[in-house]
Amino acid sequence: MSLVQDKTERHTLSVLVDNEPGVLARVIGLFSGRGYNIDSLTVSEVSHEGHLSRITIVTTGTPMVIEQIRNQLDRLVPVHRVRDLTVEAASLERELAMVKVRGTGEARSEALRLAEAFRARVIDATTESFVFEITGKSDKIDQFAVLMEPLGLVEVARTGVVAISRGPDAM
Amino acid sequence: MSKEMTGAEMVIQALADQGVDHLFGYPGGAVLPIYDALFHQNRIEHILVRHEQAAVHSAEGYARSSGKVGVVLVTSGPGATNAVTGLTDALMDSIPIVCITGQVATHLIGNDAFQECDTVGITRPCTKHNYLVRDVNDLARVLHEAFYVAQNGRPGPVVVDIPKDVQFAKGTYVGRENIEHKTYKPKLVGDADKIQQAVDMIAGAKRPIFYTGGGVINSGPAASRALRELARLTGVPVTSTLMGLGAFPAANGQWLGMLGMHGTYEANMTMHGCDVMVCIGARFDDRITGRLDAFSPGSKKIHIDIDPSSINKNVKVDLPIIGDCAKVLDAMLAAWKSQDRHIDRAALDDWWKQIDRWRGRNSLAYRLLPDTIKPQQAIERLYAATKDRDVYISTEVGQHQMWAAQFFRFEEPNRWLTSGGLGTMGYGLPAAIGAQIAHPEALCVDIAGEASILMNMQEMSTAVQFNLPVKIFILNNRYMGMVRQWQELLHGGRYSHSYSEALPDFVKLADAYGGVGIRCEKPGDLDGAIQEMINIKRPVIFDCIVDQQENCFPMIPSGRAHNEMILGDMAVDLDEAITDEGKMLV
């Protein structure tokens with residue numbers, strides 16, 4: 001039957017856009033105006049000469065809604081290309097986080113040991129604190145933050161997800 | 001060509017190069033340089049409206065009736081915000097508009113300057129695209145690009161916001177040659193394999209229907225021609241949305257009338273019972289589908305649309321074809337002919353027999369009264385008096401709009417101007433003015449309600465100033481009729497604030513504006529009064545006093561299925577057709 005299916009899925013979309021004023025507002029306005037979810041959104045210029053920016057959006061919705069989001073993004077005038085990396089290609093996803101932990105004694109040593117296990121780097125230290133830099137999939141960062149909680153987690157800053165397809169081809 | 005000139009001169013030059021003859025606008029501080037440039041030329045005629053919303057609606061009427069882009073010029077701040085309703089209307093109904101807005105000087109932007117507003121921010125969700133031009137050397141390119149974006153792909157409104165210092169600054173003008181958008185390139189030609197599949201599905205159908213929409217009109221006269229030819233060759237019944245009326249001739253035997261919430265019984269039942277539905281340039285709007293999970297449950301659906309985001313938005317279809325209606329229909333026609341395809345004649349005959357039974361209910365029937373004009377009767381008499389003329393009909397929004405759609409019969413595209421998607425009361429008079437500008441010799445009639453017309457009544461002044469003999473045909477029932485109808489059917493008859501109190505005397509009002517007023521109250525006077533209205537070569541307000549209580553039927557209540565229509569009491573009973581549940585609905 002021609003009805004919206006209820007099962008929601010998580011998809012990662014890559015959107016190549018003209019780097020012009022208002023383009024991010026257009027994309028965000030589309031999501032808020034039409035009631036779509038944004039779980040993560042990153043944007044940065046990727047070609048200075050080509051005036052191109054790449055937006056990575058992680059969203060959840062039913063397959064029909066995901067298809068709508070794709071098509072709605074694609075019809076924005078400054079959008080060059082939209083790829084659903086979840087269905088169109090095997091892809092890689094990474095997120096970077098900076099994690100500040102405060103503590104002394106055994107908790108401090110434990111934080112450092114766990115950081116090594118997670119391949120997090122120390123990028124700032126005082127006698128009572130560390131700032132760790134950690135890169136990985138979002139759930140790895142989630143897990144790291146959970147482990148740091150009892151050891152004196154102060155705050156976390158995360159970039160949001162960036163993603164790219166595997167293999168030799170561009171999006 | 002490239003040439004030094006000011007930004008304001010570039011605006012005029014770009015409009016001239018785009019073939020613009022008419023511009024609907026209202027001056028103000030932030031567009032004075034452009035108005036000064038207008039003063040120095042005779043190429044483009046400026047139509048001074050009385051409110052910026054009406055400037056956009058006039059441009060919509062102009063565009064819809066002529067197939068050209070409608071052009072608007074308004075000032076910053078309130079000029080731009082007043083235009084927002086018109087822009088949203090044009091976006092919803094896919095009307096090509098270029099709206100030029102003045103802006104405060106670039107160094108003042110963001111300072112809460114006098115008559116400043118964030119025009120590109122405000123209009124971002126209600127335009128197809130918009131631009132703020134900060135460098136005069138970008139201006140000509142942006143203007144040409146705006147025309148390209150407005151009319152290519154699914155048409156829509158484009159705003160170009162020009163700060164006042166950019167209008168004064170000198171820069172290099174570039175012509176329109178070779179300007180298209182570097183990324184916006186809509187797909188026009190349908191995939192050949194999908195067109196073949198569509199032809200196979202239609203040829204194999206036993207109970208087919210063509211469900212057409214505004215996209216057929218937007219695609220141009222070629223799309224209407226192809227639709228007519230395909231319908232003739234296949235024998236398939238045709239229905240249309242509100243926006244698509246006229247693409248298929250109402251006089252044709254295959255025409256079922258409009259479908260949807262106030263569509264005919266036969267159109268909705270045919271949609272409900274079909275086995276192959278071909279949706280051409282329509283978008284499965286909620287006013288069309290009714291309850292989604294009961295919408296045409298047994299059919300395979302083909303959807304032809306230029307906008308991929310219309311596909312599978314509300315209804316999952318079996319065969320989407322992305323492309324321009326005219327090109328896709330032509331390709332289907334060519335395949336149909338070259339392969340000498342035929343529909344199963346016996347099955348189609350049975351289908352038509354069923355449809356004729358549904359037609360037999362006469363779902364638009366209404367009861368005539370001896371001393372009171374019925375609104376449907378007024379439109380039927382207006383149609384009878386004008387059908388042999390070159391006529392353009394606009395409407396406001398409400399019961400009168402639906403009755404016009406049901407009872408005025410359109411044989412050609414571009415003759416019907418109405419606010420479908422947004423449902424904007426106040427659309428009709430400025431739209432009629434726009435149509436009259438595009439077609440000076442034609443008869444342009446705004447079928448109105450007494451409530452709607454007051455929303456842009458001031459445009460009577462525009463009509464008088466420019467000697468535009470538009471006719472405002474008011475079905476005056478002293479109610480916001482559609483609101484009253486819903487209150488009667490769904491809110492226990494509690495008529496909360498839907499009574500038109502303190503109405504003006506429309507005859508005196510016409511006179512005060514410098515037009516002509518006619519009042520008609522008796523059925524026997526109707527034909528003579530309509531003839532008098534047609535004969536007057538000036539703006540006329542025709543105050544037609546009609547039955548206050550009449551409801552617009554058939555009606556599919558919100559959230560109900562096509563086979564759960566409410567019919568008027570004059571419709572012929574046909575027990576098999578409507579379910580008991582449907583009868584219970586009132």
Side-chain angles (χ1 to χ4, degrees), chain A residues 1-7 9 11 13-36 46-47 49-55 59 61-84 87-88 171, chain B residues 109 118-134 138 142 145-146 148-150 152-154 156 158 161 180-187 277 284 289 291-301 303 305-318 320 322:
Chain A
M1 221 354 266
S2 42
L3 254 200
V4 182
Q5 294 147 28
D6 288 325
K7 207 162 92 3
E9 299 172 356
H11 283 240
L13 307 178
S14 253
V15 190
L16 206 59
V17 300
D18 283 324
N19 184 15
E20 63 180 32
V23 68
L24 185 59
R26 248 176 250 286
V27 170
I28 292 172
L30 175 68
F31 275 75
S32 65
R34 291 185 183 268
Y36 305 142
V46 289
S47 162
E49 315 80 66
H51 294 285
L52 291 174
S53 288
R54 183 164 173 145
I55 301 175
T59 182
T62 62
M64 216 160 149
V65 167
I66 301 281
E67 185 189 342
Q68 262 299 298
I69 293 174
R70 223 200 108 126
N71 286 328
Q72 292 287 354
L73 284 169
D74 213 8
R75 77 174 182 154
L76 293 178
V77 170
V79 168
H80 289 239
R81 259 197 303 285
V82 185
R83 290 287 178 268
D84 185 340
V87 296
E88 285 179 44
M171 71 176 277
Chain B
I109 289 176
D118 176 10
T119 300
V120 285
I122 290 169
T123 62
R124 197 171 285 128
C126 66
T127 53
K128 184 175 171 186
H129 195 48
N130 63 15
Y131 302 84
L132 169 61
V133 183
R134 289 171 176 274
D138 292 334
V142 165
E145 204 176 280
Y148 172 85
V149 171
N152 280 281
R154 181 177 178 175
V158 179
D161 197 28
E180 50 178 58
H181 196 273
K182 57 181 184 281
T183 52
Y184 185 70
K185 296 193 172 63
K187 177 169 155 54
M277 175 190 299
F284 296 96
T289 60
R291 203 175 90 205
L292 269 177
D293 62 357
F295 173 68
S296 192
S299 62
K300 293 274 181 204
K301 299 174 184 74
H303 188 180
D305 206 298
I306 201 165
D307 178 0
S309 75
S310 284
I311 307 285
N312 293 338
K313 184 169 66 178
N314 303 320
V315 171
K316 189 97 184 143
V317 296
D318 302 280
I322 309 293

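The figures here come from the full heavy-atom set of this structure, side chains too, leaving out hydrogens, waters and symmetry mates.
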K.L.:
Using non-hydrogen atoms and a 4.5 Å limit, figure out which bit of B/R154 sits close to chain A: side chain, backbone, both or neither.
P.N.:
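Answer is side chain: those atoms of B/R154 sit under 4.5 Å from chain A.
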
K.L.:
Given heavy-atom pairs under 4.5 angstrom as the criterion, report whether the side chain, backbone, both or neither of B/P308 touches chain A.
P.N.:
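The answer is both parts of B/P308.
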
K.L.:
By salt bridge (charged side-chain N to carboxylate O under 4.0 Å, His left out), which residues pair with A/R83, not counting sequence neighbours?
P.N.:
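Salt bridge (charged side-chain N to carboxylate O under 4.0 Å, His left out) check on A/R83 returns A/E88.
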
K.L.:
Which residue out of B/D318, B/L132, B/N312, B/I311 racks up the most heavy-atom pairs below 4.5 Å with chain A?
P.N.:
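Most heavy-atom pairs within the cutoff with chain A belong to B/N312.
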
K.L.:
What part of B/V149 lies closer than 4.5 angstrom to a heavy atom of chain A: side chain, backbone, both or neither?
P.N.:
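For B/V149, side-chain heavy atoms alone lie under 4.5 Å from chain A.
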
K.L.:
If the contact rule is any heavy atom under 4.5 Å from chain B, which residues of residues 67-82 of chain A qualify, in numerical order?
P.N.:
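Under the 4.5 Å heavy-atom cut-off, A/E67, A/Q68, A/N71, A/Q72, A/R75, A/V77, A/P78, A/V79, A/H80 qualify.
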
